[in-house]
Protein chains: 2
Amino acid sequence: MSVTYRDILSAAERIASGVHRTPVLTSNLLNEIAGCELYFKSEHLQKAGAFKARGAVNAVFALSEEELDRGVATHSSGNHGAALARAASLKGASAYIVVPSNARKVKQEAIAGYGGEVILCEPTLSAREARLQQVIEGTGATFIHPYDSPWIIAGQGTAALELVEQVPGLETLVAPVGGGGMLAGSALVCEQTGVTIFGAEPRGADDTYRSFITGERVTSHVPDTICDGLLTTVGEQNFAIIQRLVSDVLLASDTETVEAMRLVWTRIKQLIEPSSAVALAVILANPEVFAGQKVGVMVTGGNVDLEDLPF
Amino acid sequence: MSVTYRDILSAAERIASGVHRTPVLTSNLLNEIAGCELYFKSEHLQKAGAFKARGAVNAVFALSEEELDRGVATHSSGNHGAALARAASLKGASAYIVVPSNARKVKQEAIAGYGGEVILCEPTLSAREARLQQVIEGTGATFIHPYDSPWIIAGQGTAALELVEQVPGLETLVAPVGGGGMLAGSALVCEQTGVTIFGAEPRGADDTYRSFITGERVTSHVPDTICDGLLTTVGEQNFAIIQRLVSDVLLASDTETVEAMRLVWTRIKQLIEPSSAVALAVILANPEVFAGQKVGVMVTGGNVDLEDLPF
């Protein structure tokens, strides 16, 4: 099944009772600095602190009663794990989340806080997949992929859908890309509404950029960036959409991303995570691309570790 | 002249074009933790990042053309300096801000950023007052006191005025107290609207608490707290109002305040300063006082130094 704009409209209806319609924030000061009109779609104020709530709720709410009885499972070291645990709890379903043993304690606590079962594994890809397979065989739970699934793409796309409703005349949208669920979902909305869309990626995890310019999807790399939500390589279904609909993938260094994050923290007093700030960073690094336009900035999440800040 | 509720109504009209009507934020999660309904009046989203914009605009907008031609002056190591510089710039007036030489660079930059003239002095009370006197004699500028003036009290009171409009049925309000302009202005609104009001003060700067229980205003102390907006002793006019109208002054340790600040940062993703978090800290420390009530929390500002965080 290939995901379409109509799936995003359906997702918006399906998830309405389970997520926030998040606000759009603006700042004259940041507009002056950027030389364009910025509209921050504030998914850091989303349930569980990230847009991941959208895809997770969409995937869980689409399951049958019988599937819900057996629960859901995934692997995640980030926001998807907590989002899926929360979505499952809304339906009284079990959630089994395989987490690498080196994942941050705060992420594990968030999963457990929503009633999810944290299943630790060795921090390797093969250990993670083996453990997940074991869990699924033992429980019959449905695997909800963190990013490369039509349900997830359609769910994440609902944020852009809200944004184009909230900002009439929006011309451009910039969304961060890790696995690519958010960027792909946003791109489908932008195609339908005539908005130009760019991906934003850390230089230290530039697999989508390299995939985009060569046309060959990069499937493994060794990321080196503080954007801990963007470490994964781009998913297959997501990349097909991105390749077709995204104007360009722009890169930012971690230094530029930290500076953008500092601007958002100090000027609009919003606690956003580095993986979100990369979108503003590429806008500030490429003023000629965005000059004078109405630009949406997808702020993907606000889950930061206060004990480990980059300032 | 003694300030009244009517002065706050007049101030609200006077300042409307020069300040934000700030939003009220809520969080189910924090409500569960606190055992009451919390309504955060978000003055960290105010112009210049703090409620001080209200009093400063009220004082400046009330001046005659002739007075504006000569400019305004004050001493400040904190948010009042930037707020006054900004208010003056809205009227094209000069602002002379005497700042102790050990004040944070970020505060000096904020003043200069709004076109104010930063005048450094030795970091003692006598040096500050002497330097301010000199400036006033040299320029004819009008002195705008940081907190102990009817114009300032009336201006700061407009935040509580908005809050009681925004939250019908509000039962209680907690506001931090330093010089006392915000607490006094809020108390006048609460008297009129039947809301119980509490002051919140750091244990390490408890002059208002001690003044309140003895009836004798403490006029000098050696504060020891991270709440750098609450170091000053309570003003004379403010204390008279506080003594008459405030139910109690509650204290929080810096440890409790940092924990409250951490909750607001991580749960509602809002960057508030320690001097603001003390209000939530006293609510969490005294659950029996607030249980089940609709409680307003005056979030006074969000100007933090990211190079010097307490986490």
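Here is how names work: the chains are called A, B, and so on, in the same order as the sequence lines, proteins then strands, and each is numbered from 1. Since the structure is predicted, the reported quantities are computational estimates derived from the model, not experimental observations.
- The environment of B:D224 atom CG is sparse: at most 12 non-hydrogen atoms of other residues, nucleotides or ligands sit within 6.0 angstrom.
- Other residues, nucleotides and ligands place more than 12 heavy atoms under 6.0 Å from the CG atom of B:D305.
- Heavy atoms closer than 4.5 Å to chain A are found in the side chain of B:L309, but not in its backbone.
- Between B:K269 and the options A:H44, A:Q46, A:E273, a side-chain contact (heavy atoms from CB on, under 4.5 Å) holds for only A:H44.
- Closest approach of B:L45 and A:I268 over heavy atoms only: CD2-O, 3.7 Å.
- By the 4.5 Å heavy-atom criterion applied to side chains, A:L306 and B:R262 are counted as neighbours.
- The number of heavy-atom neighbours closer than 6.0 Å to CD of B:E13, taken from other residues, nucleotides and ligands shown, is 12 or below.
- Residue contact with chain B, scored on non-hydrogen atoms closer than 4.5 Å, involves the side chain of A:N28 exclusively.
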